[in-house]
2 protein chains.
Amino acid sequence: MSSIKDVAELAGVSIATVSRYLSDPESIRRDNREKVARAIQRTDYAPNALAQNFRRGRTGIIMVVLPSVGDPFFTEVMRGIAQVASERHYSILIRETEMNTLSLDEYSDIVLSKQADGIILLASTCPITPMRRRPKASRPAPIILGCENVTPDLGNLFSVRIDNRAAARKATRHLLELGHERIAFISGSAGSELTADRERGYVAAMKRAGKKIADGWIVPGQLTIDGARDATRALLQHPQAPTAIFCANDEMAMGCIHEIKQAGLRVPDDVSVIGFDDTRYAAITDPPLTTIAQPAELIGQRTMLRILDAVDGIDIGSEPEIVPHKLVLRASTGAPAS
Amino acid sequence: MSSIKDVAELAGVSIATVSRYLSDPESIRRDNREKVARAIQRTDYAPNALAQNFRRGRTGIIMVVLPSVGDPFFTEVMRGIAQVASERHYSILIRETEMNTLSLDEYSDIVLSKQADGIILLASTCPITPMRRRPKASRPAPIILGCENVTPDLGNLFSVRIDNRAAARKATRHLLELGHERIAFISGSAGSELTADRERGYVAAMKRAGKKIADGWIVPGQLTIDGARDATRALLQHPQAPTAIFCANDEMAMGCIHEIKQAGLRVPDDVSVIGFDDTRYAAITDPPLTTIAQPAELIGQRTMLRILDAVDGIDIGSEPEIVPHKLVLRASTGAPAS
DNA sequence: CTGTTAGCGCGTTCAT
DNA sequence: ATGAACGCGCTAACAG
């Protein structure tokens, strides 16, 4: 590959002039500008991004950590992130937590060792421990949360998300208002804080309505289709089988509906199902899914904007940015068979 | 941040020794090894990846270009790619083509300007033109195709994929054998080579069976749910409405089934539907989807392994690596109502 | 506006 | 086995 030096030689100017041309063509005299342009053409020159980044001390990369790129909700969030990234000439590096779970310290190292300028955690399913190693670090590494709740462990990470607890209360209340009394909840995996607040909201709504939650009505489902299918089978065989099931995300609601039909029951006639996320599949399940809608793409955009602020040294604080949610009524919920 | 120099000073050795410790601890004397280790601990040192990469002349990044991260098929391919990447200490950089479509020359520039060591194209929906600018480049940039067909334009890019044409023939033949005569095909968008061979396979099977394909039976669907819904509506109103619809991917098949039911018809009683990909949703659609299964994760793994070979300077040729596919029979296809 | 100079942090010679 | 010295390609001072 030709380097900036070759271009400078061919153009008959210094490398500094070429460098200036690269960052701001207007800053050099017209004749030189043209000479440089021609030399670049002829040498087929492209700046070495590795050298540029090294010199500038930045990677141009934001790492996004999430449990599964496959989940349609996260896909939407990613879309928002990617959009902003592209505008700001940033690349995004995706890391699924499934394979390797890192501690916050290790994420911090990734930034300090210049593998990325900042990190967005879209879910803290991994064993995130508080930061110990660099308590006196000049400035904390830019790491923020998207859609996830802040856990006690996580110290003061900024986050962009909906009010999960309120949303879950709303969903549960919807079922209660339809007349359901036996309402179950399929949550994420045990360690997942992503759905913990949703569970709290469900519990709170049941309590306020004076409904008891039987043992076994709260069942972990791994946030996957298969997880939900297993959970649903267990619920249908429960001595006090629920007449409505609240799933912590749409993916699970899809598995849940399938399993209910598989058992020869009908949705919502025999069992109502409500989801969470309003993914693109929600409208085409059979029956179409009642669910809580989150502004996924907006969450992604806002999260990315804030991490870039943080990378630029702006203090974004740790007060979460709460975005709106809403209950979307479709056909998977109805009054219980009396 | 502390640099290698600080560590060397604190340990009382030269930076060369520290550097050696980093790449191969066994290569230095034990006492020095311990001194360095301790110094690294105390200075909280982490090697500057930017400097390392610059010095080594490699980015450690493979860029993956695909139309939509949301598509569950691509998600599976990505999983395979990510798996190998993680083993080989490579990062993957995702670029959706939706936003920006680049030419092969531009992709080539990305490699030459050291933004990535290699590029995997998972679909060439963008206007990929043959390479012009650097015909005499010492070595072509490592760019290969995953799952996509090689188009005439694309010169000699290596690829890993199934035999799309044969698979489509098999799917079509399945419908023919059930007794269908009016079979429609919902393809990808016009420019997409990804599904062009599937269309050819469909056409070939129809022809061989002596069935005519009416005008309007081949309809572009954008590879999305909504695209398929529009296409399906059009097909149902066609004067010679089909009794079976072959969708170029599962995502579209899901939209198709929904739209058929929406119209008050039943699947497969009134219209049979067959998909392509066997994504994780195929088993839980209602009815479960008959489809062509591709070994998506394998495709991802193989593609990644080969691009890494290419990055290492190994000549991987341009002969495509064909992986097996199979027809998965479920409940969305049946004999036509007589 | 331009050229000269000095590193950025690391890996890698070449001596020792 | 180790240290001194060089340079990767570029940007950002500074001086002219």
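The chains referred to below are lettered A, B, ... by the order of the sequence lines, with proteins before strands, and numbering in each begins at 1.
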**Separation of atom CZ in A/R58 from atom P in C/dG9, rounded to whole Å** = 17 Å

**Prompt:** Hey, does the side chain of A/S27 come within less than 4.0 Å of C/dC1's phosphate (OP1/OP2), counting only N and O?
**Reply:** no

**Message:** So for the helix from C/dC1-D/dG16 to C/dT16-D/dA1, with five pairs setting each end axis, what is the inter-axis angle to 10°?
**Reply:** 30°

**Asked** So is B/R79 actually on top of B/F74's ring, under 6.0 Å and inside 45° of the axis?
**Response** no

Are any protein N/O atoms closer than 3.5 Å to N/O atoms in nucleotides 14-16 of chain D? If there are, list each pair with its distance.
none

**Prompt:** Could you give the CD-to-C1' distance, from B/E9 to C/dG9, as a whole number of Å?
**Reply:** 14 Å

**Message:** Check this for me: does any side-chain nitrogen of one of B/K5 and B/E9 sit under 4.0 Å from a carboxylate oxygen of the other?
**Reply:** no

**Prompt:** What integer distance in Å separates A/R33:CZ from C/dT2:C1'?
**Reply:** 14 Å

**Request:** For residues B/V13 and B/V36, determine if any side-chain heavy atom of one lies less than 4.5 Å from a side-chain heavy atom of the other.
**Result:** yes

Show me the protein contacts with nucleotides 6-10 of chain D, counting only N or O atoms at under 3.5 Å.
from, atom 1, to, atom 2, distance (Å)
D/dG7, N2, B/R55, NE, 3.0
D/dC10, OP1, A/Y45, OH, 2.5
D/dC10, OP1, A/N48, N, 3.1
D/dC10, OP2, A/I4, N, 2.5

**Prompt:** Does B/T303 reach the side chain of B/L145, with side-chain heavy atoms less than 4.5 Å apart?
**Reply:** no

**Prompt:** Looking at residues at least two apart in the chain, or sitting in another chain, which of them share a side chain to side chain contact (heavy atoms under 4.5 Å, CB included) with A/V84?
**Reply:** A/R88, A/Q301, A/M304, A/L305, A/L308

**Asked** Can you name the nearest heavy-atom pair linking B/T59 to B/K114, along with the distance?
**Response** CG2-O, 3.0 Å

**Prompt:** Roughly how many Å is it from CG in B/N32 to P in D/dT2, rounded to a whole number?
**Reply:** 4 Å

**Message:** Could you walk me through whether B/I144 and B/S159 satisfy the side chain to side chain contact (heavy atoms under 4.5 Å, CB included) test, starting with their C-alpha distance in whole Å, then the side-chain angles of each, then the deciding distance to 0.1 Å, before giving a yes or no?
**Reply:** CA-CA 6 Å; B/I144 70 179; B/S159 66; over 6 Å; no

**Item:** For atom CG of B/L50 and atom C1' of C/dG7, their distance in whole Å
**Value:** 15 Å

**Set of residues satisfying side-chain hydrogen bond (donor to acceptor under 3.5 Å, both in side chains) with respect to A/N48, sequence neighbours excluded** = none

**Asked** Does B/E321 have any salt bridge (Lys or Arg N to Asp or Glu O under 4.0 Å) partners at least two apart in sequence or in another chain, and if so, which?
**Response** B/R302, B/R306

**Message:** Less than 3.5 Å apart, any donor N or O on the side chain of A/D6 or A/T43 sitting next to an acceptor on the other?
**Reply:** no

**Complete:** In terms of heavy-atom contacts, A/R161 and A/E148 come closest through CD-O, 3.0 Å

